[in-house]
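The first residue in the sequence is number 1, and the count goes up from there. Counting convention: from 1, in listed order, for ligands and their atoms alike.
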Amino acid sequence: MANGLDDVVAAETVLSDVDGAGGHLTIRGHSLAELAGHWRYGQVVRLLFDGFFDELPGDDELEKAIGNARVEVFERLQPMLAELPALDVYSGMRAGIALLPDGESLADALRLIAAPAVLTPALLRLGRGEKPLTPDARADHANDMLRMLSGTPSPALAKALDTYLVTVCDHGLNASTFATRVVASTQAGLTSAILAGLGALKGPLHGGAPGPVIEMLDAIEASGDAAAWLRNEIARGERIMGFGHRIYRVRDPRADVLKAVVRRLGTRNESGRRLAFAETVEQAALDVLKVAKPQRSIQTNVEFYTALLLEAAGFPKEAFSNVFAAGRVAGWIAHAREQQATGRLIRPQSRYVGPVPDLVA
Ligand code: ACO
């Protein structure tokens, strides 16, 4: 039996397909290349939600509704915000989301889309002793998220974050999406299902990897010898963050999309210097992993360049998983609705391998 359910098909979905051998990602009939950098996040939310909510409006109307939802979430949660920074920024976001109504309507879904984008900058500002900024309902989602963090962003940064949110919006039956579907299969509300996804995403084997990627880059820079540092990590039984994937045996296509975004942010500034250094670390890691784990094709995954992009966008590393959640929440909601529509409870079996009771004669 595979402990990690490898190769088990646990759902049929129209939402996304991960081709691990070819390195392709399809989202509702569109390739990642078609969507990333070309569609806005709000348009992709509509693409994913289509058919799962009765009263879904057109793109422009839906983006306005997401803007209104940001304002509504801020107003609802503002009285509690001061209590949340005592937690780490991910747990604070999760706690804030847990306070939202647990329904299944489009309004419930839009509040959940809005919540990570509103709570993350608010908690970061409170954490550094600044007042949270009120959302602007008319602004583009990514632009507003950055504005609430540190004032009006450059169009290039807003576009970079928008492309990131689109790139991570959905990705087959990953751990957090599966967790979301399990809870949705009980016919619990969307907030309960999304809380399950948030819990699963936090771990370093899933969405918690990009923060440690920054720590790794800093440690390697300080050490001055990438290959030696990486070899030592593997010898200590550690995993190299931002490398390897359960499904991809080739390069994760999202890594190249995000690398190109970081490159567009400039080659002569700090993100350009960071990118050049990261490229040398990436090559060293691929070389070291090839020798250390010859039985496994371990390639760069989405988290490696996520770290660089979110760092360039001004997010501290402890908030990277929050921003991942801000993108992935659209996929979680669509998967939750798709699972609920099947009406089928997810309930696998376990094989008992524990001690057996003594039989009483
Ligand atoms: N560094 C070092 N060794 C690795 C790595 C890595 N990043 N990834 C896999 N391996 C090794 C394992 O140690 C194992 O070696 P062994 O056979 O000598 O024991 C072998 O490759 C197979 O490992 P599995 O755990 O079976 O591979 P799996 O497909 O389950 O792993 C995972 C996928 C969890 C993502 C893994 O590659 C990993 O831990 N990567 C680092 C963390 C990371 O980047 N996470 C983000 C993933 S992307 C995302 O979720 C959005």
Side-chain angles (χ1 to χ4, degrees), residues 1-8 16 18-21 23 25 27 32 36 90 116 164-180 197-217 219-220 226-259 278 281-310 317 320-332 335:
M1 188 192 70
N3 280 331
L5 300 181
D6 313 33
D7 302 324
V8 172
S16 61
V18 182
D19 170 2
L25 170 59
I27 297 171
L32 176 63
Y90 194 88
Y164 171 76
L165 297 176
V166 168
T167 301
V168 301
C169 70
D170 197 41
H171 199 247
L173 204 58
N174 57 82
S176 57
T177 300
F178 184 52
T180 300
L198 283 166
L201 188 75
K202 188 180 185 193
L205 298 191
H206 190 15
V213 167
I214 291 294
E215 284 155 21
M216 173 179 81
L217 290 176
I220 292 177
W229 190 94
L230 291 159
R231 273 196 296 270
N232 186 45
E233 281 293 286
I234 292 178
R236 294 194 305 122
E238 298 292 335
R239 291 181 176 216
I240 309 302
M241 291 292 139
F243 295 87
H245 200 273
R246 178 63 59 81
I247 307 292
Y248 291 120
R249 288 294 155 261
V250 295
R251 208 176 155 76
D252 183 334
R254 299 169 298 174
D256 284 329
V257 168
L258 300 184
K259 182 174 172 174
V281 171
E282 180 187 14
Q283 193 50 55
L286 294 173
D287 293 344
V288 166
L289 285 165
K290 201 170 170 183
V291 173
K293 306 283 172 186
Q295 76 285 11
R296 181 88 166 177
S297 171
I298 302 176
Q299 304 293 328
T300 316
N301 68 43
V302 64
E303 305 286 43
F304 192 74
Y305 287 104
T306 288
L308 266 68
L309 192 155
L310 297 184
K317 62 180 187 298
F320 288 177
S321 305
N322 293 52
V323 190
F324 193 160
R328 181 56 57 82
V329 66
W332 288 337
H335 275 273

- Whether Arg254 side chain and His171 backbone form a donor-acceptor pair below 3.5 Å: no
The option among Arg328, Gln295, Lys293, His206 carrying the non-hydrogen atom nearest to atom 46 (C) of ligand 1 is His206
Open item on the list: Tell me whether Asn301 reaches ligand 1 (any heavy atom closer than 4.0 angstrom to a ligand atom).
Closed with: yes
Among Gln299, Arg246, Arg249, closest by heavy atom to atom 33 (C) of ligand 1 is Arg246
Taking only non-hydrogen atoms of Ala209 and a 4.0 Å limit, the atoms of ligand 1 in range are 43 (C), 44 (O), 45 (N), 46 (C)
Among Glu303, Glu233, His171, Arg239, the residue with a heavy atom nearest to atom 13 (O) of ligand 1 is Arg239
With heavy atoms and a 4.0 Å threshold, my read on which part of Asn174 contacts ligand 1 is neither
query: Under 4.5 Å between any side-chain heavy atoms of Val213 and Phe320, yes or no?
result: no
Asn174 versus Arg328: any side-chain heavy-atom pair under 4.5 Å? yes
### Task
Consider ligand 1: state whether an atom of it lies below 4.0 angstrom from any non-hydrogen atom of Leu289.
yes
### Query
Tell me, do Pro116 and Phe324 make a side-chain contact under 4.5 Å, heavy atoms counted?
no
Point to revise | Under 3.5 Å: N/O of Glu238 near N/O of ligand 1 | key: no
Task: Test log, rule side chain to side chain contact (heavy atoms under 4.5 Å, CB included), inputs Leu217 and Phe304 - done: CA-CA 10 Å; Leu217 290 176; Phe304 192 74; 4.3 Å; yes
Of all protein heavy atoms, the one nearest atom 40 (N) of ligand 1 is Phe243 O, 2.9 Å
A student comparing Arg296, Met241, Arg254 should find that the heavy atom closest to atom 28 (P) of ligand 1 comes from Arg296
Note: Pro204, heavy atoms under 4.0 Å from ligand 1, region reported as backbone
task = Kindly indicate whether the side chain of His335, heavy atoms from C-beta on, has any atom under 4.5 Å from the side chain of Asp170.
result = yes
Any side-chain heavy atom of Thr306 sitting closer than 4.5 Å to one from Asn301? no
For Gly244, the atoms of ligand 1 under 4.0 Å from one of its heavy atoms are 35 (C), 37 (O)
heavy-atom search around atom 5 (C) of ligand 1 in the protein gives Ile298 CD1, 3.9 Å
Exercise for the section: Would you check if Glu282 and Lys259 make a side-chain contact, meaning some heavy-atom pair closer than 4.5 Å? Expected result: yes
Where the side chain of Ser297 meets the backbone of Arg249, is there a donor-acceptor pair that is under 3.5 Å apart?
-> yes
If you compare Ile234, Asp6, Ile240 by their heavy atoms, the one closest to atom 1 (N) of ligand 1 turns out to be Ile240
Within 4.0 Å of some non-hydrogen atom of Val302, the atoms of ligand 1 are 51 (C)
Any Phe324 heavy atom less than 4.0 Å to ligand 1
yes
Among the heavy atoms of Gly4, does any lie under 4.0 Å from an atom of ligand 1? no
(Q) Using a 3.5 Å distance criterion without hydrogens, assess whether the side chain of Ser176 forms a donor-acceptor pair with backbone atoms of Ala200. (A) no
closest protein heavy atom to atom 45 (N) of ligand 1 is Leu205 O, 3.3 Å
Notebook entry, point to check: Is there a side-chain contact between Cys169 and Ile27 (heavy atoms, below 4.5 Å)?
Noted result: yes
